[in-house]
Participant: 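Below you'll find the structure I mean.
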Amino acid sequence: MNVFLSELAEAKLLKLSEYLVENWGLKSKDKFILKLTEKIKQIAIYPDSCPKSSEFKNLYKCVVTKQTTFFYRIKLDSREIEIITIFDTRQNPQVLKKDIK
């Protein structure tokens, strides 16, 4: 299946990448991007391999690192997977609820 990022997920990924470079260096950012890429490849092949979200109907939750999770939906009609948002688990969960209305 084709996997794509929503505008929100793209913006959050850019912000996270900038944060990682500024605070932890380019090597840490590259390491994170590699983990994220592996998870995206995983869900492209096995869309149901991550657990369904208990909070959000029709969404799946994929843990990339203990600090970062992304939420996605499977669009069977178009054979696509949309990554809705990327979430820093150290944030207030209310932020996530605003992102996924």
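What you are looking at is a predicted structure, and each value in this text was computed from that prediction instead of being measured.
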Participant: Could you check whether any side-chain heavy atom of Leu96 comes within less than 4.5 Å of a side-chain heavy atom of Gln91, counting everything from C-beta outward?
Facilitator: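 No. Closest side-chain heavy atoms not under 4.5 Å.
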Participant: Between Lys12 and Ile86, which heavy-atom pair has the shortest distance, and what is it?
Facilitator: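 Closest approach of Lys12 to Ile86, heavy atoms only: CD-O, 3.1 Å.
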Participant: Supply the atom-to-atom distance Asp30 CG to Ser17 OG, rounded to the nearest 0.5 angstrom.
Facilitator: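 Nearest 0.5 Å value for the CG-OG distance: 9.0 Å.
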Participant: Does atom CD of Glu38 have more than 12 heavy-atom neighbours, drawn from other residues, nucleotides or ligands, at distances under 6.0 Å?
Facilitator: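 More than 12 heavy atoms, drawn from other residues, nucleotides or ligands, come within 6.0 Å of this atom.
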Participant: Are the side chain of Ser6 and the backbone of Glu82 linked by a donor-acceptor contact shorter than 3.5 Å?
Facilitator: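 No, the answer is negative, given that no donor and acceptor are paired below the 3.5 Å cut-off.
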Participant: Working to the nearest 0.5 angstrom, can you tell me the gap between Leu16 CG and Leu36 CG?
Facilitator: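 It is 8.5 Å, given to the nearest 0.5 Å.
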Participant: Let me check something: do Leu13 and Tyr19 share a hydrophobic cluster, defined by ILVMFWY side-chain heavy atoms less than 4.5 Å apart, either directly or through other members?
Facilitator: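 Yes, same cluster.
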Participant: Identify, with sequence neighbours excluded, every residue that meets ring-ring contact (aromatic ring centres under 6.0 Å, His included) alongside Phe4.
Facilitator: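 ring-ring contact (aromatic ring centres under 6.0 Å, His included) check on Phe4 returns nothing, list empty.
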Participant: Quick one, Ile40 with Ile83, criterion side-chain contact (heavy atoms from CB on, under 4.5 Å). Give me CA distance, side-chain angles, the key distance, then yes/no.
Facilitator: CA-CA 9 Å; Ile40 290 172; Ile83 297 177; 3.8 Å; yes
Participant: Tell me, do Ile74 and Asp48 make a side-chain contact under 4.5 Å, heavy atoms counted?
Facilitator: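 Heavy-atom side-chain distance check passes, below 4.5 Å.
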Participant: Looking only at non-hydrogen atoms, find the nearest pair between Asn58 and Arg73 and report the distance.
Facilitator: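 Taking Asn58 first and Arg73 second, the nearest heavy atoms are O-CB, 3.8 Å.
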Participant: Taking only residues at least two apart or on different chains, which pairs with a member in residues 79-101 satisfy ring pair (Phe, Tyr, Trp, His ring centres under 6.0 Å)?
Facilitator: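 Every pair satisfying ring pair (Phe, Tyr, Trp, His ring centres under 6.0 Å) with a residue in residues 79-101: there are none.
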Participant: Evaluate the side-chain contact (heavy atoms from CB on, under 4.5 Å) criterion for residues Val64 and Lys35: first the C-alpha distance (whole Å), next the side-chain angles of each, then the deciding distance (0.1 Å), finally the verdict.
Facilitator: CA-CA 6 Å; Val64 180; Lys35 287 180 183 181; 4.0 Å; yes
Participant: Please round to the nearest 0.5 Å and tell me the distance separating atom CD1 of Ile81 and atom CG of Asn2.
Facilitator: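 Ile81 CD1 to Asn2 CG: 8.5 Å, rounded to 0.5 Å.
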Participant: Heavy atoms, side chains only, cut-off 4.5 Å: are Leu5 and Glu10 in contact?
Facilitator: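 Result yes, sub-4.5 Å side-chain heavy-atom pair found.
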Participant: Ile84 versus Phe56: any side-chain heavy-atom pair under 4.5 Å?
Facilitator: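 Not touching, per the 4.5 Å side-chain cut-off.
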Participant: For the residue pair Ala44 and Val3, what are the closest heavy atoms and their distance?
Facilitator: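 Between these two residues, the closest heavy atoms are CB-CG2, 3.7 Å.
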Participant: Just verifying a value: how many Å separate Lys61 NZ and Phe71 CZ, rounded to the nearest 0.5 Å?
Facilitator: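 Answer rounded to 0.5 Å: 5.0 Å.
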Participant: How many angstroms lie between atom CD1 of Ile45 and atom NZ of Lys41, to the nearest 0.5 angstrom?
Facilitator: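 Reported to 0.5 Å precision, the distance equals 8.5 Å.
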Participant: Can any side-chain N or O of Tyr72 pair as donor or acceptor with the backbone N or O of Pro47 at less than 3.5 Å?
Facilitator: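 Yes: the side chain of Tyr72 pairs with the backbone of Pro47.
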Participant: For Phe32, which residues count as a ring-ring contact (aromatic ring centres under 6.0 Å, His included) partner, sequence neighbours excluded?
Facilitator: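 So Phe32 forms no ring-ring contact (aromatic ring centres under 6.0 Å, His included) with any residue.
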Participant: Is there side-chain contact between Glu55 and Ile100, with at least one heavy-atom pair below 4.5 Å?
Facilitator: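 In short, these two side chains do not touch, never coming nearer than 4.5 Å.
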Participant: Nearest 0.5 Å, what's the NZ-CD1 distance between Lys31 and Ile33?
Facilitator: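 If I round to the nearest 0.5 Å, the distance is 13.5 Å.
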Participant: Is the closest side-chain heavy-atom distance between Cys50 and Lys39 below 4.5 Å?
Facilitator: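 No, too far: nothing below the 4.5 Å cut-off.
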Participant: Show the numbers, then the answer: is there a side-chain contact (heavy atoms from CB on, under 4.5 Å) between Leu76 and Met1?
Facilitator: CA-CA 9 Å; Leu76 291 174; Met1 284 192 164; 3.8 Å; yes
